[in-house]
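To start, the structure itself, in structure tokens.
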Amino acid sequence: MLDPQQPGRPERLDIGLAGFGTVGQGLARLIHENRESILRRTGKEIRIKAVLIRSEHRRAAVEAIGARAVTDHREILDDPDIAVVCELMGGTGFARRFLEEAIAAGKHVVTANKALLAENGMDLFAQAQARGVHLGFEASVAGGIPVVQPLKEALAGNRLQSLLGILNGTANYILTEMTDKGLDFGTALGQAQQLGYAEADPTLDIQGIDAAHKLVLLIRLAFGVDYPFAQLPVTGITVVTPMDIAFAREFGFRIKLLAQARLVDGKVEAGVYPALVPEGYLLASVGGAYNAIRLEGNAGPVVLHGRGAGDMPTGSAVLADIMATIRHDAPDNLGFVDPRLPGAEILDLDDAVSEHYVRFIVPDAPGVLRDIAGVMADHDISLQQVIQKSRSDAGEGIPLVFLTHEAAADAIHKAMRQVEALGLTLGTTMHYRIL
């Protein structure tokens with residue numbers, strides 16, 4: 001397809017970026033390196049025309065790719081040649097305003113902003129639907145792993161019942177290093193920061209918040225309901241100790257930070273938390289900064305695996321959304337005819353049934369195992385395995401570990417509180433669900 005204003009040249013799609021950090025620069029590189037492939041697939045040449053910068057030190061890098069660096073976002077939104085704008089700055093303040101103004105201006109929008117979409121996304125999707133524009137967000141869920149489009153298209157005929165994922169590469173890297181090399185949490189975190197896997201402030205990653213944002217988006221796509229982010233139970237990896245990692249290995253498990261959601265009698269049971277995964281499962285073998293997602297429905301399971309972050313993987317997801325705006329006439333932003341998704345009926349995670357790992361630190365005295373096992377029995381918790389060590393690095397106490405048969409999490413928590421109330425413990429009791 002040729003541009004009528006420039007005979008002999010292909011048609012061009014001009015885009016505007018807000019932000020030119022790691023992902024923005026990866027996108028620019030892919031547009032340059034994959035020019036011929038993009039042209040064959042879309043019939044158009046993609047050009048970055050303008051980039052909104054917040055710091056002058058980005059100006060030279062922007063101009064080096066032939067784009068115009070601007071400091072006023074209206075210069076992008078008021079440009080009639082720019083058909084697609086990409087928000088790659090992050091945050092939930094200016095980013096929301098920028099996307100709302102872009103949608104109002106009739107621009108297609110692409111974002112990698114999982115926090116914004118998880119917390120305020122339903123309003124944005126409604127605005128995009130009303131204006132008839134695309135809102136692409138492939139890069140916001142799992143970086144370079146294509147999951148948004150497959151959920152909307154290739155998996156649309158599979159009535160999904162559950163999803164389970166390792167959705168944060170930073171947390172997975174830290175747990176992998178603690179498991180394989182015996183590092184403590186602080187050392188593994190510092191290593192992740194040196195390698196660029198973790199931010200200077202890693203709170204969103206290590207507290208599970210980043211994975212929770214992604215899980216909210218996946219629930220919308222997979223189940224067609226809106227699970228409010230503020231109601232999602234979230235536990236990060238700062239609670240994970242080398243002691244529990246070692247015990248998990250003895251039992252044949254690895255500890256992973258999981259994002260999980262499933263339908264139980266029409267209700268959504270969901271949460272983000274560290275859990276024990278059997279070593280024979282594919283998710284247990286996902287190491288380093290990689291992510292993976294397992295989707296299961298009435299047409300069978302699917303596992304997706306790849307890098308969850310980085311300049312090129314995430315840039316590739318952004319580029320895929322840009323190309324999708326060229327190929328599709330009608331927006332299909334959430335994969336449903338009506339984007340006004342109903343609120344999810346929520347099943348409290350404490351009511352969820354699974355097997356459990358519980359580790360106590362107890363006095364090295366006769367009868368303690370008997371007494372704690374009795375408390376477990378009082379709460380109808382059946383035990384399948386027990387480990388009691390004669391000595392440990394836990395001070396004066398010794399570790400006592402139980403693996404249970406299936407039980408509600410609420411029963412486990414009540415038993416833990418009763419054991420502590422009876423004065424049978426000397427340290428913090430740890431509990432993990434078993435996948």
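Sequential numbering from 1 along the given sequence is applied to the chain's residues. Worth saying up front: this structure is predicted, and the values here are computed from it rather than measured.
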What pair of heavy atoms forms the shortest contact from G169 to N291, and how long is it?
-> N-ND2, 3.2 Å
Cut-off 3.5 Å, side chains only: do T187 and D184 have a donor facing an acceptor?
-> yes
Stepwise side chain to side chain contact (heavy atoms under 4.5 Å, CB included) test for K256 and L283 | CA-CA 8 Å; K256 294 290 187 181; L283 287 179; 5.8 Å; no
Student check: side-chain heavy atoms of M243 and M430 closer than 4.5 Å | no
Mind checking whether I346 and V268 have side chains closer than 4.5 Å, heavy atoms only?
-> no
Above 12 or not: heavy atoms from other molecules or residues under 6.0 Å from CZ of R249?
-> yes
State the OG-CG distance between S140 and L218, to the nearest 0.5 angstrom.
-> 8.5 Å
For the residue pair P146 and L304, what are the closest heavy atoms and their distance?
-> O-CD1, 3.5 Å
Do the side chains of K152 and L221 get nearer than 4.5 Å, heavy atoms only?
-> yes
Answer yes when K107 and E101 have at least one side-chain N-carboxylate O distance shorter than 4.0 Å, and no when they do not.
-> no
Roughly how far, to the nearest 0.5 Å, is the CG atom of L189 from the CD1 atom of I174?
-> 4.5 Å
Can you check whether N298's main-chain N or O pairs, donor with acceptor, with N158's side chain at less than 3.5 Å?
-> yes
Test side chain to side chain donor-acceptor pair (under 3.5 Å), reference D210, set N168, T170, T203, output is N168
If only atom types and distance count, is the side chain of S316 paired as donor or acceptor with the main-chain N or O of M312 below 3.5 Å?
-> no
Any donor-acceptor N/O pair, T241 side chain to D244 backbone, under 3.5 Å = yes
Can you check whether H431's main-chain N or O pairs, donor with acceptor, with H356's side chain at less than 3.5 Å?
-> no
CD/E199: more than 12 non-hydrogen atoms of other groups inside 6.0 Å | no
What is the ring orientation for Y290 with H305, classed by angle as parallel under 30°, tilted 30 to 60°, or perpendicular over 60°?
-> parallel
Would you call E45 and R47 a salt bridge, using N to O less than 4.0 angstrom?
-> no
So, do T179 and I255 sit near enough that their side-chain heavy atoms are less than 4.5 Å apart?
-> no
From T176 OG1 over to I166 CD1, what is the distance, rounded to the nearest 0.5 angstrom?
-> 8.0 Å
D205 vs Y197 side-chain heavy atoms within contact, under 4.5 Å | no
More than 12 foreign heavy atoms under 6.0 Å from NE2 of H405: is that the case here?
-> yes
Decide yes or no for V109 and L124: does some side-chain heavy atom of the first lie under 4.5 Å from some side-chain heavy atom of the second?
-> no
Kindly compute the distance separating CD (E11) from NZ (K44), expressed to the nearest 0.5 Å.
-> 5.0 Å
Examine distances only and state if a side-chain atom of R131 and a backbone atom of A104 form a donor-acceptor pair shorter than 3.5 Å.
-> yes
Taking all non-hydrogen atoms of both residues, which atom of F253 and which atom of P278 are closest, and how far apart?
-> CD2-N, 3.4 Å
How about Q127 and E100: does a side-chain donor come under 3.5 Å of a side-chain acceptor?
-> yes
May I ask you to check whether Q260 and Y273 show a side-chain donor-acceptor distance below 3.5 Å?
-> yes
Looking only at heavy atoms, the pair that brings A344 and V225 closest together is CB-CG2, 3.7 Å
Is a donor on one side and an acceptor on the other found under 3.5 Å between the side chain of R307 and the backbone of T314?
-> no
In short, R359 meets P399 closest at the heavy-atom pair CD-CB, 4.3 Å
Okay, side chain of E345, backbone of L347: is any donor-acceptor separation there less than 3.5 Å?
-> no
Does atom OH of Y281 have more than 12 heavy-atom neighbours, drawn from other residues, nucleotides or ligands, at distances under 6.0 Å?
-> no
I293 CD1 to L151 CG distance, which is reported to the nearest 0.5 Å = 8.0 Å
What do the steps show when you test L52 against F94 for side chain to side chain contact (heavy atoms under 4.5 Å, CB included), and what is the final call?
-> CA-CA 12 Å; L52 177 67; F94 171 76; 3.7 Å; yes
Does the distance from a Lys or Arg side-chain N to an Asp or Glu carboxylate O, for D348 and K267, drop under 4.0 Å?
-> no
Lys/Arg-Asp/Glu bridge criterion (N-O < 4.0 Å) met for D338, R340 | yes
Any chance you could lay out the side chain to side chain contact (heavy atoms under 4.5 Å, CB included) test for R262 and Q161, step after step, and finish with the verdict?
-> CA-CA 6 Å; R262 62 177 178 171; Q161 298 295 318; over 6 Å; no
Donor-acceptor contact below 3.5 Å, side chain E87 vs main chain V110 | no
Side chain to side chain, R433 and L349, heavy atoms closer than 4.5 Å = yes
How long is the span from the NZ atom in K114 to the CG atom in L215, to the nearest 0.5 Å?
-> 13.5 Å
For the residue pair M416 and V358, establish whether any side-chain heavy-atom pair is separated by less than 4.5 Å.
-> yes
So, does N333 use its side chain to make a donor-acceptor pair with the main chain of V133 at under 3.5 Å?
-> yes
Heavy atoms only: give me the nearest F98-C86 pair and the separation to one decimal.
-> CE2-O, 4.4 Å
Any chance you could lay out the side chain to side chain contact (heavy atoms under 4.5 Å, CB included) test for V51 and V70, step after step, and finish with the verdict?
-> CA-CA 6 Å; V51 180; V70 302; over 6 Å; no
When you measure from the side chain of E138 to the backbone N and O of Q149, does any donor-acceptor pair fall under 3.5 Å?
-> yes
When you look at CZ of R41, are more than 12 heavy atoms from neighbouring residues, nucleotides or ligands closer to it than 6.0 Å?
-> no
Hey, are T92 and E119 close enough side-chain-wise for a donor-acceptor pair under 3.5 Å?
-> no
